[in-house]
Amino acid sequence: MIFREAQALTATVAPEARLGQEPASPSSSDEQQLHLLVRRLQEGDLTAFDSIYELTRVDAARTLRHLVGNRVDVEDLLQEAYLRLLTAVKGYRGESRFRTFFYRVCSNVALSHLRWKRRRPEDSVAEPPECEAPGEDPERAAARRQAARLVEVALERLKPKKRIVFVYYELCGMSPDEIAEAVGSSPNTVRSRLHHARLEFHEAMQRLLVTRHPGGDHGAP
């Protein structure tokens with residue numbers, strides 16, 4: 001769910017509480033398969049890259065979507081991420097999970113894009129995709145879309161490095177140590193960024209919810 005539908009849109013979220021997560025991918029069995037595919041690719045079998053792409057594309061697209069906050073940009077950024085991966089994978093030695101290695105590539109792509117985007121304040125956050133699950137209650141679907149919108153707007157207010165750490169922890173379920181490896185920083189720096197990102201995200205959500213309900217709990221119905 002979208003951070004538990006932005007904590008049901010109106011609940012007070014404790015800054016230290018971990019938000020809801022989508023399942024982290026790839027699985028451990030996929031990790032083993034990816035390690036074998038990487039070895040084949042490093043030995044010159046380019047068909048292995050197609051298999052790596054198929055195994056990781058959905059996760060990479062979802063992650064980039066949350067990192068950059070604009071689905072319109074995702075396809076271009078995906079292409080850039082896989083082009084960078086094709087070069088970077090030559091240096092992969094298996095010391096970390098492949099997911100962590102690839103997330104470092106994604107974070108570099110996203111960081112460059114976010115820095116560019118912050119210089120263009122006229123670019124607003126795109127609306128989340130209008131997708132509904134088969135048979136989903138229309139009111140629930142509308143609440144989910146609203147939650148997704150609020151989350152994206154709140155994420156947009158975080159500085160790029162904080163946003164990346166926040167998304168990797170809250171959405172991808174990565175540990176601070178794993179995030180540190182993915183973003184090329186120290187675990188203590190990651191924890192500090194995460195702490196401040198949580199506070200800022202929480203504050204942004206509360207402001208958005210007050211705007212959505214003028215006067216807060218005491219406002220007019």
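- Atom CD of Glu156 is separated from atom CG of Leu158 by 9.5 Å, given to the nearest 0.5 angstrom.
- The CG atom of Leu41 lies 9.0 Å from the NZ atom of Lys90; values are rounded to the nearest 0.5 Å.
- In this structure, OG in Ser107 is found 9.5 Å from CG in Leu64, a value given to the nearest 0.5 Å.
- Nearest heavy-atom pair, Val151 versus Phe201, reported as atom, atom and distance to 0.1 Å: O-CE1, 4.0 Å.
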Would Tyr82 and Thr56 count as a side-chain hydrogen bond (donor to acceptor under 3.5 Å, both in side chains) here? Give the steps.
CA-CA 10 Å; Tyr82 280 101; Thr56 59; 2.6 Å; yes
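- Distance OG/Ser51 to CG/Asp45: 8.0 Å, rounded to 0.5 Å.
- Using a 4.5 Å heavy-atom threshold, the side chains of Arg40 and Thr47 count as touching.
- The OG atom of Ser185 sits 7.5 Å away from atom NZ of Lys161, with the distance rounded to the nearest 0.5 Å.
- Side-chain atoms of Glu80 never come within 3.5 Å of backbone atoms of Val109 as a donor-acceptor pair (strictly under, hydrogens ignored).
- Ion pair Arg157/Glu152 not flagged as a salt bridge, since none of the NZ, NE, NH1 or NH2 atoms sits closer than 4.0 Å to an Asp/Glu carboxylate oxygen.
- For the pair Leu85/Phe49, a side-chain contact is recorded, criterion being any heavy-atom separation below 4.5 Å from C-beta on.
- Residues Glu75 and Leu78 have side chains in contact (heavy-atom distance under 4.5 Å, counting atoms from C-beta outward).
- Summarising the geometry of Cys172 relative to Thr63, their closest heavy-atom pair is SG-OG1, 3.9 Å, with the distance given to 0.1 Å.
- Contacts of Lys162 classified as side-chain hydrogen bond (donor to acceptor under 3.5 Å, both in side chains), with partners at least two apart in sequence or in another chain: Glu200.
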Is there a side-chain hydrogen bond (donor to acceptor under 3.5 Å, both in side chains) between Thr189 and Ser186 once you walk through the steps?
CA-CA 5 Å; Thr189 298; Ser186 71; 2.8 Å; yes
Derivation and outcome, side-chain hydrogen bond (donor to acceptor under 3.5 Å, both in side chains), residues Tyr92 and His35:
CA-CA 10 Å; Tyr92 179 62; His35 276 262; 3.2 Å; yes
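- Residues Met174 and Tyr169 are not in side-chain contact: their nearest non-hydrogen atoms beyond the backbone lie 4.5 Å or more apart.
- The two residues Phe102 and Ala60 make their nearest non-hydrogen contact at CE2-CB, 3.7 Å.
- In this structure, Leu37 CG and Gln32 CD are separated by 12.0 Å, a value rounded to the nearest 0.5 Å.
- By the criterion of side-chain heavy atoms lying less than 4.5 angstrom apart, applied directly or through intervening Ile, Leu, Val, Met, Phe, Trp or Tyr residues, Val105 is grouped together with Leu46 in one hydrophobic cluster.
- Although no hydrogens or angles enter the test, the distance criterion places no donor-acceptor pair under 3.5 Å between the side chain of Arg193 and the main chain of Asn188.
- Counting only heavy atoms from C-beta outward, the side chains of Pro160 and Trp116 never approach each other to under 4.5 Å.
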Side chain to side chain contact (heavy atoms under 4.5 Å, CB included) for Arg104 and Glu181? Distances and angles first, verdict last.
CA-CA 8 Å; Arg104 183 164 191 169; Glu181 189 171 354; 5.6 Å; no
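- Heavy atoms only, all atoms of each residue included: Ile164 and Leu67 are closest at CA-CD2, 3.6 Å.
- Arg191 has a carboxylate O that lies under 4.0 Å from a charged side-chain N of Asp177, or vice versa, which qualifies the two as a salt bridge.
- Salt bridge status for Arg97 with Glu178: present, with a side-chain N to carboxylate O gap under 4.0 Å.
- Across all their heavy atoms, Gln42 and Val89 have their closest contact at NE2-O, 2.9 Å.
- Looking at Arg207 and Glu203, a side-chain N of the basic residue comes within less than 4.0 Å of a carboxylate O on the acidic one, giving a salt bridge.
- Residues Val183 and Tyr103 form no side-chain contact, since every pair of their non-hydrogen atoms from C-beta on lies 4.5 Å or further apart.
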